[in-house]
2 protein chains.
Amino acid sequence: MVLARLILGLLCLSPMTGYELKKHFDSSINHFWNADKAQIYRTLAQLVDKGYATVRTVAQSNYPDRQEHHITETGRAALAQWLSAGAVQSPERDPFMGQVFFAAELERDDIQSLLEERRQATQFILDDYLSQREGIDMRAAADRRSFLMAATLDHAIRQQAAELEWLDAVLEYLP
Amino acid sequence: MVLARLILGLLCLSPMTGYELKKHFDSSINHFWNADKAQIYRTLAQLVDKGYATVRTVAQSNYPDRQEHHITETGRAALAQWLSAGAVQSPERDPFMGQVFFAAELERDDIQSLLEERRQATQFILDDYLSQREGIDMRAAADRRSFLMAATLDHAIRQQAAELEWLDAVLEYLP
DNA sequence: GCAAAGTGGGTGCAAAATCAACTATTTATG
DNA sequence: CATAAATAGTTGATTTTGCACCCACTTTGC
């Protein structure tokens, strides 16, 4: 459901192949969603099925044919309806917090290692987001679309930063 | 997989029925995980199947029999192994950020409503976490297990607080 | 010259998760 | 007194997701 909407959103920006969609997920969307390509191709087929998108096969000289997917008016309406239906809520879900919750089964040193390992990974992700952020032209962010897209990246940055602060606090006060 | 570990963790604290597990998920674990009861009962059956837990039927005078699940040594080992295998990483996944990312399809006022609605919901969740936090006896938190459990709640509180700050910033600067 | 990576698409399968019922009894609540 | 909520567990169907493959061709790097 969510994936279908996100794909519609991307197709709304420009017609795309499944391959290109996957690249968008990996590069610009990855801070709040990602999907396996198998899932993307299947969802794409469903969208065509429901009439939310149409396919146009475009031959290329060297590379394989492009199955270019175009959003339809119905598709645009479905996207708009999702956005208008109100803010979606989704349950928190973080396996790592589960590890922390039950980490008392480990020795103190192992708990510390667990937290430090996470700290490293979080720092790595944060750095990645920060470098993505640098690539954004802020002159263009006066335009609302660019502003909102950049905002979701800022959200991810704040979340990771908050996680780092939390990890440091836990590491400091761990009994 | 994660759910199985979390259930093992809970059974590690004390033997429980599926019904009680569900209540724990709804009350104390909900800030980082939750699960449908159907899923809990099925996972419980799998744990018994694998020898990670055993069932003991306890008759009650008034209420239905309790299917009390006890963790086994193998189960304890499996839990410890999960914790020792290192910090798990999980992809970010937030449908609401998808709405924001594509919100430019809406009018400015509708975008604002979307953000304000989310702000309300976030405040509500934060308040819930804060009241849960009040119920925690900090004298007991010198003990490592209680400290870690409280820490995961603190994490959730920080995350929600960061979300509120972000929402306010976006609402302020939205072009 | 050969291997790896990129372009573009797809299938099959299994595990995980969600939704919606349905069974029964007991204890509160209006 | 009726109705709802709590206790305890189960089944079926469907969706979502993830993993591991497979095809075929082209371009790039060593």
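Lettering follows sequence order; numbering is per chain, from 1. What you see below is based on every heavy atom in this structure, not just the backbone, and it leaves out hydrogens, waters and symmetry mates.
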- Please answer: with hydrophobic residues joined when any side-chain heavy atoms are less than 4.5 Å apart, are B:Phe147 and B:Ile29 in the same cluster? yes
- Query: For the pair made of CG in A:Leu21 and P in C:dG8, what is the distance, rounded to whole Å?
  - Reply: 12 Å
- Task: Classify the nucleic acid contact of B:Lys23 as base, sugar-phosphate or nothing, counting any heavy atom under 4.0 Å across all strands shown.
- Result: sugar-phosphate
- Specify the residues of residues 5-18 of chain A, ordered by number, for which at least one heavy atom lies under 4.0 angstrom from an atom of DNA chain D. none
- Query: In whole angstroms, how far is the P atom of D:dC25 from the OH atom of A:Tyr19?
  - Reply: 17 Å
- Which ones in residues 54-69 of chain A lie close to DNA chain D, meaning a heavy atom under 4.0 Å from one of its atoms? A:Asn62, A:Tyr63
- Query: Can you name the closest pair of heavy atoms from B:Tyr19 and B:Tyr41 and give their distance?
  - Reply: N-OH, 3.2 Å
- Query: Are any of the side-chain heavy atoms of B:Thr152 and B:Leu148 separated by less than 4.5 Å?
  - Reply: no
Name the pairs: protein N/O against N/O of nucleotides 17-20 of chain D, kept only if under 3.5 Å.
{"unit_1": "D:dT17", "atom_1": "OP1", "unit_2": "B:Arg93", "atom_2": "NH1", "d": "3.2"}
{"unit_1": "D:dT17", "atom_1": "OP2", "unit_2": "A:Gln39", "atom_2": "NE2", "d": "2.6"}
{"unit_1": "D:dT17", "atom_1": "O5'", "unit_2": "A:Gln39", "atom_2": "NE2", "d": "3.2"}
{"unit_1": "D:dG18", "atom_1": "O6", "unit_2": "A:Arg42", "atom_2": "NH1", "d": "3.0"}

- Message: Measure CG/A:Asp26 against P/C:dG6 and give the value in whole Å, please.
- Response: 12 Å
- Message: Measuring only between side-chain heavy atoms, which start at C-beta, is B:Thr57 closer than 4.5 Å to B:Glu68?
- Response: no
- Interatomic distance, A:Lys22 NZ vs C:dG10 P [rounded to whole Å]: 16 Å
- Query: Would you find a donor on one side and an acceptor on the other, under 3.5 Å apart, between the side chain of A:Arg144 and the backbone of B:Ala104?
  - Reply: no
- Query: Heavy atoms, side chains only, cut-off 4.5 Å: are A:Asp65 and A:Gln60 in contact?
  - Reply: no
- Task: May I have the distance from B:Ile40 (atom CD1) to C:dA16 (atom P), rounded to whole angstrom?
- Result: 15 Å
- All pairs passing ring-ring contact (aromatic ring centres under 6.0 Å, His included) where residues 108-129 of chain B contributes a residue, at least two apart: none
- Task: Name all pairs fulfilling the ring-ring contact (aromatic ring centres under 6.0 Å, His included) condition that reach into residues 74-117 of chain B, sequence neighbours left out, sorted by first residue then second.
- Result: A:Phe32-B:Phe101
- Are B:Arg145 and B:Leu13 side-chain neighbours, meaning at least one heavy-atom pair lies under 4.5 Å? yes
- For B:Asp110, the salt bridge (charged side-chain N to carboxylate O under 4.0 Å, His left out) test, sequence neighbours excluded, returns none
- Task: Would you check if A:Leu47 and A:His69 make a side-chain contact, meaning some heavy-atom pair closer than 4.5 Å?
- Result: no
